[in-house]
Number of protein chains: 2
Amino acid sequence: MVETRRQQIDSVAGALFRERGYAATSVRDIAQRSGIQGASLYAHVASKEDVLWSIVQGAARRFHDAASAVSEHTDLTAADRLRRMIQAHVAVVTDDLGQASVFLHEWRHLSDSRRAAVLAARDTYERRFRQVIEDGQRSGGFATVEAGLVTRAILDALNGICGWYRPDGRSSPTQIADHYAELFIHALKSTPEDPP
Amino acid sequence: MVETRRQQIDSVAGALFRERGYAATSVRDIAQRSGIQGASLYAHVASKEDVLWSIVQGAARRFHDAASAVSEHTDLTAADRLRRMIQAHVAVVTDDLGQASVFLHEWRHLSDSRRAAVLAARDTYERRFRQVIEDGQRSGGFATVEAGLVTRAILDALNGICGWYRPDGRSSPTQIADHYAELFIHALKSTPEDPP
DNA sequence: CCTACCGATCGGTAGG
DNA sequence: CCTACCGATCGGTAGG
């Protein structure tokens with residue numbers, strides 16, 4: 001699969017923004033690693049912020065699509081849906097660490113309206129996780145702890161993966177996802193001895 | 001308690017670095033919010049990086065001291081020590097959001113040697129958490145899951161708090177800490193039905 | 001702690 | 001996609 005120059009710019013910039021942060025990365029850095037002159041970058045993009053926006057939109061779509069695919073399985077138990085959502089999230093993160101961590105950490109450098117759009121998308125996504133947890137509390141044997149706090153704990157743990165995951169490390173993405181899913185599902189399952 | 005100008009610079013810079021990031025914050029921004037001229041900042045600090053370093057060192061010390069205080073209680077069970085370490089960590093984070101999130105996210109802008117020192121300190125700190133979990137697996141009824149992965153899940157969840165915590169929000173730092181502690185301790189407790 | 005100033009680098013444009 | 005260039009801003013210094 002051949003990458004167009006435009007796609008190359010996004011993936012190169014994604015890696016650089018992840019390494020150094022958006023503000024500390026110059027358009028010359030991006031151009032150099034793409035094999036062109038600094039000013040030539042503007043033959044492909046309108047501004048540095050547009051590169052960031054393109055990366056952020058790409059990541060947002062991948063997270064959204066992954067969660068949507070799980071939502072279709074209305075026949076599954078809450079625990080099984082939560083497991084699949086965790087697996088899908090981990091897969092998106094580990095698939096493109098640059099894109100994911102830019103989406104998670106660099107969106108504050110976007111313009112006001114774009115930043116607001118990102119926050120709204122993240123909010124919707126978080127609500128999908130909370131929904132599954134609340135479903136499990138109503139009918140799937142999940143303990144009735146504060147669903148909002150558990151949701152944040154899970155998502156922060158999953159997002160933290162892009163801070164330490166290495167493709168050549170001990171655990172594969174699948175192993176990490178399975179461990180995390182079991183950990184949090186076990187945490188949510190109310191034990192028989194628990195008071196009602 | 002009166003803040004010296006030097007202390008004011010650190011707390012002002014901590015808040016700004018948290019809001020905009022280190023690279024996107026100018027020394028003029030810090031000076032202005034401190035009520036002095038841009039160049040006057042250099043009457044108090046040698047460089048912009050020294051301000052970052054001072055904040056990072058302060059946070060590192062607070063995390064270290066908080067965990068050390070818990071380690072002294074060798075009479076407690078692993079679960080109780082883990083609970084206290086979680087409570088201590090959440091307290092440090094919520095006590096000074098700027099300092100904590102700069103420590104967690106902006107250390108990559110330090111010089112090579114300072115960055116290495118931060119990574120070493122974080123590694124030591126992480127090992128303390130893993131130690132308690134492994135203790136619990138040996139003698140405290142904790143399930144024998146991958147201790148490294150659980151440790152990262154817990155720390156990433158705790159560190160994520162400084163991304164959404166608001167002093168005027170629903171949950172107090174103590175409530176958050178207690179919920180998180182119960183969640184993860186419950187996740188670690190092996191159920192009687194579990195195979196050995 | 002201030003005013004005045006410096007070289008370097010930034011994002012971006014003109015014209016080909 | 002390149003060369004040449006621009007105004008703005010950056011971290012930091014000199015001298016008081």
Side-chain angles (χ1 to χ4, degrees), chain A residues 2-57 98 102 105-115 118, chain B residues 2-57 98 102 105-115 118:
Chain A
V2 245
E3 228 177 7
T4 67
R5 178 117 293 171
R6 186 58 244 265
Q7 290 168 334
Q8 185 196 15
I9 289 171
D10 276 6
S11 76
V12 159
L16 281 168
F17 292 165
R18 175 173 128 88
E19 286 169 37
R20 316 177 184 176
Y22 175 77
T25 303
S26 73
V27 295
R28 265 81 175 170
D29 292 334
I30 301 168
Q32 188 182 27
R33 211 181 272 193
S34 302
I36 57 177
Q37 292 300 311
S40 303
L41 202 85
Y42 290 91
H44 303 95
V45 304
S47 71
K48 186 186 172 188
E49 199 211 308
D50 278 349
V51 177
L52 174 59
W53 181 231
S54 168
I55 296 168
V56 166
Q57 278 184 303
V102 168
H105 298 119
E106 306 296 329
W107 51 268
R108 57 181 168 179
H109 296 106
L110 290 166
S111 66
D112 287 348
S113 64
R114 287 172 166 177
R115 197 168 53 237
V118 171
Chain B
V2 245
E3 228 177 9
T4 67
R5 177 118 290 170
R6 185 59 241 264
Q7 290 168 332
Q8 185 195 15
I9 288 170
D10 276 6
S11 77
V12 159
L16 281 168
F17 291 165
R18 175 173 127 89
E19 285 169 37
R20 315 177 186 178
Y22 175 76
T25 304
S26 72
V27 296
R28 265 82 175 170
D29 292 335
I30 301 169
Q32 189 182 27
R33 211 182 270 195
S34 302
I36 58 177
Q37 292 299 313
S40 304
L41 202 84
Y42 290 92
H44 304 96
V45 304
S47 71
K48 185 187 173 188
E49 199 210 307
D50 278 348
V51 178
L52 175 59
W53 181 232
S54 167
I55 296 169
V56 166
Q57 278 185 303
V102 168
H105 298 119
E106 306 296 328
W107 52 266
R108 58 183 166 176
H109 295 106
L110 290 167
S111 67
D112 287 349
S113 64
R114 286 171 166 177
R115 197 167 54 237
V118 171

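Because the structure is a prediction, the values reported are computed rather than measured.
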If you check every side-chain atom of [X], which of [options] has the closest atom?
X	options	answer
A:Tyr42	C:dT13, D:dG11, D:dT13	C:dT13
A:Ser26	D:dG11, C:dC10, D:dC1	C:dC10
B:Ser47	D:dG12, D:dT3, D:dT13	D:dG12
B:Ala43	C:dC1, C:dG12, D:dG12	C:dC1
B:Ile36	D:dG12, C:dT13, C:dC2	C:dC2

Sugar-phosphate only, base, or nothing, as touched by B:Thr25 at under 4.0 Å among non-hydrogen atoms: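 It contacts sugar-phosphate atoms only.
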[X] [atom1] - [N] [atom2] separation (whole Å):
X	N	atom1	atom2	value
B:Gln32	C:dC1	CD	P	16 Å
A:Arg28	D:dT3	CZ	C1'	12 Å
B:Ile30	D:dG12	CD1	P	10 Å
A:Gln37	D:dC2	CD	P	5 Å

Aromatic plane relationship, A:Tyr22 with A:Phe17 - under 30° parallel, 30 to 60° tilted, over 60° perpendicular: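 The rings of A:Phe17 and A:Tyr22 stand perpendicular, inter-plane angle above 60°.
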Test: B:Arg33 and B:Asp29 ion pair at under 4.0 Å: no
Phosphate OP1/OP2 of D:dC1 contacted by A:Arg5 side-chain N/O (<4.0 Å): yes
